[in-house]
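First comes the structure, then the notes that go with it.
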Amino acid sequence: MEDLTAMCKRRGFIYPAFETYGGVAGFYDYGPLGSLMKKNIEELWRSFYLSHKNFAEIACPAIVPEAVLKASGHVDRFTDFVSTCPKCKSSYRANRLLKEEIDSSSLTFDGMRDIFKSGKIKCSKCGEKLTEISAFNLMFETKIGGDLKGFLRPETAQGIFINFPNMYRYFREKLPFGVVQIGRGYRNEISPRQGMIRLREFNMAEVEFFFDDPLCKEFEGIKDEKLNIFPKDGHEIELKAHEIYDKNIIRNQSQIYFMVLTRKFLIEAGVDPGRLRFRQHHTQEMAHYAKDCWDVEVYLDEWTEVAGIADRGTYDLDSHMRSSGKDFSVERKRKKIRIKEEKMEEVKKIFDKTDLIKKIEEMEFDENADIDEITIEKITLKKEFFDQYIVKKGKFVPSVIEPSYGIDRILYSILFHNFKQGVLALPPKIAPIKFGVFPLLRKKELKERARDVFEMLNKNGTKCYYDEGGSIGRRYARMDEIGTPFCITVDHQTLEDSTITIRFRDAREQIRVNIKDLAEKVRDLLG
RNA sequence: GCGGCAGUGGUCCAGGGGUUAUGACUUGGGCUUCCCAAGCCCAAGACCCGGGUUCGAUUCCCGGCUGCCGCACCA
């Protein structure tokens, strides 16, 4: 492998954090290029979700009072009890050792410690008695004000869940809708190792999609898209979206829809489609809140999770409803139709049997359905013959599909998949710098013109980099290395006819464009 | 967290108990140069941190931090 980390540091993408003080594992700084790239990835991500009319973004605090995370299960389930063998130094998760004997999920630390003290549990490697356990919670703990216990959020999701009633009102009491949040999450990993892959403070983008109906309006539009899936009791296989649904591999169309969306997003961001798959979690690896979960994995040195699409069911809303005492349930609403009284005589002539009228009036539709006409037994009734009204069918708690993305891992994957022989082949949308701008030679007239071009593009909002150092080849190389897709060069011909050259990173070819057409050309190139 | 190996300019690497600690690349300045890391001149820049041994430690020892490999962990 190329030395990607060296390049990242040398060119200003990523630096190990706190390095001047020796460094701390699991923390990284984004340099100037890394920050721009991260911003670009987040913007692309936003464009995928916020283009849906029933999606909105919110931003919640990173510090969360204990009660919220108690309710979500993180305070109890996010704690690991570890027992280390005094003889051979193997360490085990205490919960796992106990699982075979008793249900340990409800045990407190003290209760669990007593079981170990009794000497019942033995090291599976050397047979020594395991008598000590220690506890650590993977959440960073803090104090809010005087003595209110709080944590740094381990996921942004909880902020969305506890805002559900606000969001339901915002969306004018209509399901389904999605709420997204981009922000930082914090997990106090015991020993983070794999560089950018396991961070203690990381950037995540999460979606909570609240729904009642497992069918999805957008599904029709993506049903022939292919996905490389790896089900828990099968092998890796490429299937079309509708096949995944028809074969009952995933029963929720929205979940499949988000998988397709995720694949498109990642590919557009620069992830190699050939090194991308969706792997279903086995039952025991599933988080406490999930009913079904598909990891989105990208192949780096090994298959690496960069996103996950989980079916959280009603777990979170139920939990917060129970803990807070607030009502998170909503009315299940269905649309029905009723023949207009003044049209009744006319309708009765169309339908010779009155039981068809009864049948029509018993039909139920989605509350969002657009009913222009209704067809029954080959007879069509236009909408001027009936009224449409909403009936309430009782209260329920919506279910949730959660697509959740690790921005840092995605950024690293994109770098990893696109860095070859000193060239970073980033998609223009993702590239931190869009254009390099150079004078061909360091001559006064050329430099002045090049600076003018640079200013013009900058004012236009295009991120550019002006460079007159070294030879022209070296400047191209510098731009190649940081993924700049295009370079503009001002040469002697520019002085005569106001044309410049645009050089393409991947083809290493160039075209000549008049400066007055440049703004438009730039727009074309950046899509 | 456990065990093994490692840490030298921005990057990659050489070396070594004792004056100014190699080299390459990169970077900055200049010359040259009419399109892909050319050449020449000049310059800047480093022994991870703390403690110990020693007259003297970047070098040896111990600890910490960081990185790599194996074990465990990754809800």
Side-chain angles (χ1 to χ4, degrees), chain A residues 2-12 15-28 31 69 72-97 105 123-125 134 136-139 154-155 187-195 197-200 202 281 284-290 293 295 301 304-305 308 310 406 421-423 436 438-443 446 467-481 487-495 500-505 507-510 512:
Chain A
E2 293 276 352
D3 204 355
L4 180 61
T5 25
M7 188 283 285
C8 283
K9 194 175 169 190
R10 187 159 40 84
R11 292 301 193 192
Y15 311 109
F18 315 117
E19 218 183 3
T20 34
Y21 284 88
V24 182
F27 295 96
Y28 283 85
L69 294 161
S72 68
H74 288 88
V75 170
D76 297 318
R77 306 295 287 274
F78 222 62
T79 301
D80 275 354
F81 300 106
V82 168
S83 182
T84 302
C85 174
K87 198 166 146 194
C88 71
K89 304 287 183 199
S90 308
S91 50
Y92 303 92
R93 277 191 66 196
N95 315 46
R96 211 165 263 180
L97 287 177
S105 58
C123 174
S124 61
K125 286 213 182 106
S134 52
F136 45 78
N137 190 285
L138 266 56
M139 292 192 291
E155 55 175 19
R187 295 175 192 188
N188 202 359
E189 302 282 353
I190 314 307
S191 63
R193 254 293 183 76
Q194 309 149 62
I197 301 303
R198 276 182 76 198
L199 299 175
R200 285 176 164 140
F202 50 94
H281 274 205
Q284 71 273 18
E285 74 177 305
M286 211 109 68
H288 62 268
Y289 47 71
C293 183
D295 272 355
D301 291 314
T304 303
E305 175 193 357
Q421 280 129 29
V423 179
F438 323 131
L440 181 58
L441 298 170
R442 258 178 292 174
K443 287 190 176 157
L446 296 180
D467 193 356
E468 56 178 57
S471 67
I472 187 74
R474 178 173 300 270
R475 291 177 227 152
Y476 286 148
R478 273 198 278 257
M479 289 297 105
D480 285 348
E481 197 177 27
C487 291
I488 290 173
T489 302
V490 166
D491 56 19
H492 285 85
Q493 194 180 329
T494 309
L495 303 177
I500 45 82
T501 63
I502 300 178
R503 177 261 195 188
F504 295 80
R505 176 194 63 208
R508 305 182 102 220
E509 281 162 1
Q510 52 189 36
R512 195 162 269 281

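- B:G17 and B:C60 have their P atoms separated by 8 Å, given to the nearest Å.
- Comparing B:C35, B:C34, B:U11 against the side chain of A:Asp491 picks out B:C35 as the nearest.
- Straight-line distance from the CD1 atom of A:Ile190 to the P atom of B:C71: 18 Å, rounded to whole Å.
- Rounded to the nearest 0.5 Å, atoms CD1 (A:Ile500) and CG (A:Leu440) are 12.5 Å apart.
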Throw together a table of side-chain donor-acceptor distances under 3.5 angstrom for residues 17-27 of chain A, partners on residues two or more places apart or in other chains.
from	atom 1	to	atom 2	distance (Å)
A:Glu19	OE1	A:Lys9	NZ	3.2
A:Glu19	OE2	A:Lys9	NZ	3.1

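- Remark: the separation of the C1' atoms in B:A46 and B:U53 is 26 Å, to the nearest Å.
- Listed by chain and number, the residues in a side-chain hydrogen bond (donor to acceptor under 3.5 Å, both in side chains) with A:Arg10 are A:Glu481 (sequence neighbours excluded).
- Across the C1' atoms, B:U22 and B:C62 are found 30 Å apart, a figure rounded to whole Å.
- For A:Gln510, there are no side-chain hydrogen bond (donor to acceptor under 3.5 Å, both in side chains) partners at least two apart in sequence or on another chain.
- Under the Watson-Crick or G-U wobble criterion, with both distances below 3.5 Å, B:A6 is paired with B:U66.
- Base pairing of B:A38 is not made with any nucleotide, judged by Watson-Crick or G-U wobble geometry with both donor-acceptor distances under 3.5 Å.
- Rounded to whole Å, atom P of B:C35 lies 13 Å from atom CD of A:Gln493.
- Partners of A:Arg474 by side-chain contact (heavy atoms from CB on, under 4.5 Å), not counting sequence neighbours, listed by chain and number: A:Ser471, A:Arg478.
- The listed nucleotides are B:C36, B:U66, B:C2; the one nearest the side chain of A:Tyr476 is B:C36.
- Not a single donor-acceptor contact under 3.5 angstrom links the side-chain atoms of A:Arg503 to the base of B:C35.
- Atoms CE (A:Met7) and P (B:C12) sit 13 Å apart, rounded to a whole Å.
- Rounding to the nearest 0.5 Å gives a distance of 12.5 Å between CD1 of A:Ile488 and CZ of A:Arg503.
- Atom C1' of nucleotide B:C73 and atom CG of A:Leu199 are separated by 16 Å, given to the nearest angstrom.
- Taking the P atoms as reference points, B:U27 lies 10 Å from B:A38, given to the whole Å.
- Distances from the side chain of A:Val24 to the nucleotides B:C73, B:U66, B:G1 place B:U66 closest.
- B:A43 is paired with B:U27 under the criterion used here, namely a Watson-Crick or G-U wobble arrangement in which both key atom distances are under 3.5 Å.
- Between the A:Arg475 side chain and the A:Gly469 main chain, a donor and an acceptor come within less than 3.5 Å of each other.
- Using a 4.0 Å heavy-atom distance criterion, A:Gln510 is classed as a base contact.
- When the side-chain nitrogen and oxygen atoms of A:Lys9 are compared with OP1 and OP2 of B:G10, none of them lie within a distance under 4.0 Å.
- The side-chain contact (heavy atoms from CB on, under 4.5 Å) search around A:Val75 returns A:Glu66, A:Leu69, A:Lys70, A:Met139, A:Phe151, not counting sequence neighbours.
- Taking the C1' atom of each, B:C31 and B:C48 are spaced 40 Å apart, rounded to whole Å.
- Atom CG in A:Leu441 sits 6.0 Å away from atom NE2 in A:His492 (nearest 0.5 Å).
- Looking at the side chain of A:Ala6, the nearest of the listed nucleotides B:G1, B:C12, B:C36 is B:C12.
- Per the geometry, CD1 belonging to A:Ile197 stands 13 Å off C1' belonging to B:C74, to the nearest Å.
- Under the Watson-Crick or G-U wobble criterion, with both distances below 3.5 Å, B:C73 is left unpaired in every strand shown.
- For the pair A:Tyr289 and A:Ser72, the minimum side-chain heavy-atom distance is 4.5 Å or more.
- Taking atom CD of residue A:Glu509 and atom P of nucleotide B:C36, one finds them 14 Å apart after rounding to whole Å.
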Per-nucleotide protein contact string for nucleotides 26-33 of chain B, where B marks a base within reach and S marks sugar-phosphate only (heavy atoms under 4.0 Å, - for neither): SS----BB
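- Across the C1' atoms, B:C36 and B:G18 are found 50 Å apart, a figure rounded to whole Å.
- Rounded to an integer number of Å, the gap from A:Arg200 CZ to B:C74 P is 15 Å.
- If you find the closest nucleotide of RNA chain B to A:Glu305 and to A:Arg512, the one lying nearer the 5' end belongs to A:Arg512.
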Base-contact (B) and sugar-phosphate-only (S) positions in nucleotides 41-52 of chain B, heavy-atom cut-off under 4.0 Å, - elsewhere: ------------
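- Among residues two or more places apart in sequence or in another chain, the side-chain hydrogen bond (donor to acceptor under 3.5 Å, both in side chains) test is passed with A:Gln194 by none.
- Not counting sequence neighbours, A:Arg505 has no partner by the side-chain hydrogen bond (donor to acceptor under 3.5 Å, both in side chains) test.
- Judged by closest nucleotide on RNA chain B, A:Glu19 is the one of A:Glu19 and A:Arg198 placed further toward the 5' end.
- Atom CZ in A:Arg193 sits about 9 Å away from atom P in B:G70, given to the nearest Å.
- Comparing the C1' positions of B:A44 and B:C5 gives an interatomic distance of 34 Å, to the nearest angstrom.
- Comparing B:A57 with B:C47, their P atoms sit 16 Å apart, to the nearest whole Å.
- Judged by Watson-Crick or G-U wobble contacts below 3.5 Å, the nucleotide B:C55 has B:G18 as its partner.
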